[in-house]
Amino acid sequence: MLKDSHGFAGFSVDDIQKAKQFYGEVLGLTVNDGEMGILDIQIGGGSHVIAYPKPNHQPATFTILNFPVLDIEKAVDELTARGVSFEHYDMPDIKTDAKGIARDDYGPPIAWFTDPAGNIIAVLEDTSA
């Protein structure tokens, strides 16, 4: 029934203008204004996600978006130069280096940051990206 549907994901933010600036100018994505203050954020491969305003927004406690990149070092450096601050973890299962990149046996190198609303986003190395 849904296999041919063009599904999309959505998440809430507390300030739609800050979200528009961050996703459009900082991350360099195409962001379109939708109905009722909703943002339509274009991501690779012709897909999109929406960000909608929510007065009682609570940041997601999980990664809402993952961006595969060919070279994580380069992506982290470029995003840092654009003002993105990467998360740093020193937990038993997740340890990041000085740049905020986690490298372990569980998966590809990955680094996390948050949008202005506190939602978690990741870049992860995928040499087939």
Quick check on the hydrophobic clustering: are [X] and [Y] connected, directly or via other members, by side-chain heavy-atom contacts under 4.5 Å?
X	Y	answer
Leu65	Ile120	no
Tyr23	Tyr52	no
Val49	Ile64	yes
Leu124	Leu29	no
Ile50	Ile43	no

>> Which heavy atom of Pro59 sits nearest to which heavy atom of Asn119, and what is that distance?
In response: CA-OD1, 3.6 Å

> Which heavy atom of Ala51 sits nearest a heavy atom of Val13, and at what distance?
Replying inline: CB-CG1, 4.3 Å

Using a 3.5 Å cut-off and no angle test, enumerate the donor-acceptor pairs between side-chain atoms of residues 66-74 and protein atoms at least two apart in sequence or in another chain.
{"residue": "Asp71", "atom": "OD1", "partner": "Glu73", "partner atom": "N", "Å": "3.1"}
{"residue": "Asp71", "atom": "OD1", "partner": "Lys74", "partner atom": "N", "Å": "3.1"}
{"residue": "Glu73", "atom": "OE1", "partner": "Lys99", "partner atom": "NZ", "Å": "2.7"}
{"residue": "Glu73", "atom": "OE2", "partner": "Arg103", "partner atom": "NH2", "Å": "2.3"}

> Taking only residues two or more places apart in sequence or in another chain, which ones pass side chain to side chain contact (heavy atoms under 4.5 Å, CB included) with Leu79?
Replying inline: Leu27, Val84, Phe86, Phe113, Val123

What pairs of residues pass the salt bridge (Lys or Arg N to Asp or Glu O under 4.0 Å) test when at least one of them lies in [range], not counting sequence neighbours?
range	result
residues 52-64	none
residues 80-96	Asp90-Lys95
residues 14-41	Lys20-Asp33

> With sequence neighbours left out, what residues match Phe22 under ring pair (Phe, Tyr, Trp, His ring centres under 6.0 Å)?
Replying inline: none

> Under the ring pair (Phe, Tyr, Trp, His ring centres under 6.0 Å) test, which residues partner Tyr89, sequence neighbours left out?
Replying inline: Trp112

> Rounded to the nearest 0.5 Å, what separation is found between the CD1 atom of Ile110 and the CG atom of Asp126?
Replying inline: 11.0 Å

> Between atom CD1 of Ile41 and atom NE2 of His48, what is the distance when rounded to the nearest 0.5 Å?
Replying inline: 10.5 Å

>> Going by side chain to side chain donor-acceptor pair (under 3.5 Å), name the residues that satisfy it together with His57, two or more places apart in sequence or in a different chain.
In response: Ser12

